[in-house]
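A short write-up of the structure that comes next.
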Amino acid sequence: MFIFSTPPDNLSIQEFQKNESIDVEVVQLISTEILPYANFIPKEFVGQIMTMLNKGSIHSQSSSYTEAEIDIRMREEFSKVCFETLLQFSFSNKVTTPQEGYISRMALSVLLKRSQDVLHRYIEDERLSGKCPLPRQQVTEIIFVLKAVSTLIDSLKKTQPENVDANTWAQVIALYPTLVECITCSSSEVCSALKEALVPFKDFMHPPAPKVQNGES
């Protein structure tokens, strides 16, 4: 098992798939048997879990594989389950204790940072690729991120604004300019997911509040 690390180059495809399956099961165990009981877990340990999930959500591959092997060896399922676990705990309307609130804020912050990184990398890689399409795995990754952003915004809109800390709002709003940079992307699938992610931002747009001077607006 090589959870949260780059797999060794000498693994056969069968060994790779077996190890990845175990890694996925470990993350699912964390999701179902550890994080739901965050009230009884030290914050430092939970922080380490979030850091590992963030690292695991990044697609990894070995540069020594052939193009065909890379397509098989990309840790798509493992990356996806890590990202989904972050999403699951990034925002919850059932927060009832300070510890649960801490876990929610931490997961959300990690997820937003991860999303920002994926978006920036996609924009830069597409700019450098010219007319050559990006790898399928990278397109799949950004689509998944864009859908996660849409889900997060929908969740945020369903809660009271005072229940979301200022840093979270700042991170969410900071995504907007990066999303706008993606509008020139060539993939129709990415464009469709991008539209879904951009539209909800209309709820963050309000006319400026009038300034009050000497008791008069």
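Just the heavy atoms: all of them, side chains too, but no hydrogens, waters or symmetry mates, feed the values below. From a predicted model like this one, the values you see are computed outputs, not experimental measurements.
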Ionic contact status for Arg121 with Glu124, cut-off 4.0 Å | no
Determine, using the 4.5 Å side-chain heavy-atom cutoff (strictly less than), whether Leu112 and Ile123 are members of one ILVMFWY cluster.
-> no
In Å, rounded to the nearest 0.5 Å, how long is the span from CZ of Arg136 to CD of Glu189?
-> 10.5 Å
Does a side-chain heavy-atom distance below 4.5 Å link Thr168 with Ser109?
-> no
State, with a plain yes or no, whether a side-chain heavy atom of Tyr122 is found less than 4.5 Å away from one of Val190.
-> yes
Nearest-0.5 Å distance, CG of residue Asp117 to OG1 of residue Thr178 | 10.0 Å
Heavy-atom closest contact (Tyr176 atom, Leu198 atom, distance) | CE1-CD2, 3.8 Å
Is Ile183 reachable from Leu179 through a run of I, L, V, M, F, W or Y residues, each pair having side-chain heavy atoms under 4.5 Å apart?
-> yes
Side chains of Cys185 and Cys191: does their closest heavy-atom pair fall under 4.5 Å?
-> yes
If you measure from CE on Met50 to SG on Cys82, what distance do you get to the nearest 0.5 Å?
-> 11.5 Å
How long is the span from the CD atom in Gln171 to the NZ atom in Lys113, to the nearest 0.5 Å?
-> 9.5 Å
Side-chain donor or acceptor of Thr85 paired with backbone N/O of Val81 under 3.5 Å = yes
Linking I/L/V/M/F/W/Y whenever their side-chain heavy atoms sit closer than 4.5 Å, directly or via other members, would Val180 and Val118 fall into one cluster?
-> yes
Are Val149 and Ile173 co-members of a hydrophobic cluster defined by side-chain heavy atoms under 4.5 Å apart?
-> no
For Ile41 and Tyr37, the nearest pair of non-hydrogen atoms, with its separation, is CG1-O, 3.4 Å
To the nearest 0.5 Å, how far apart are NE2 in His120 and OG in Ser115?
-> 11.0 Å
Pairwise side-chain contact, Glu126 with Ser129, heavy-atom cut-off 4.5 Å (strictly under) | yes
So if you build clusters from Ile, Leu, Val, Met, Phe, Trp, Tyr with side-chain heavy-atom gaps below 4.5 Å, do Leu175 and Val199 land together?
-> no
Side chain to side chain, Leu35 and Ile30, heavy atoms closer than 4.5 Å = yes
Apply the test side-chain contact (heavy atoms from CB on, under 4.5 Å) to residues Val46 and Ile34: give CA-CA distance (whole Å), side-chain angles for both, the deciding distance (0.1 Å), then the verdict.
-> CA-CA 9 Å; Val46 175; Ile34 297 180; over 6 Å; no
Are any of the side-chain heavy atoms of Leu146 and Ile142 separated by less than 4.5 Å?
-> yes
Sub-3.5 Å donor-acceptor pair from the side chain of Ser31 to the main-chain atoms of Val27, do we have one?
-> no
How many angstroms lie between atom OG of Ser186 and atom NZ of Lys131, to the nearest 0.5 angstrom?
-> 11.5 Å
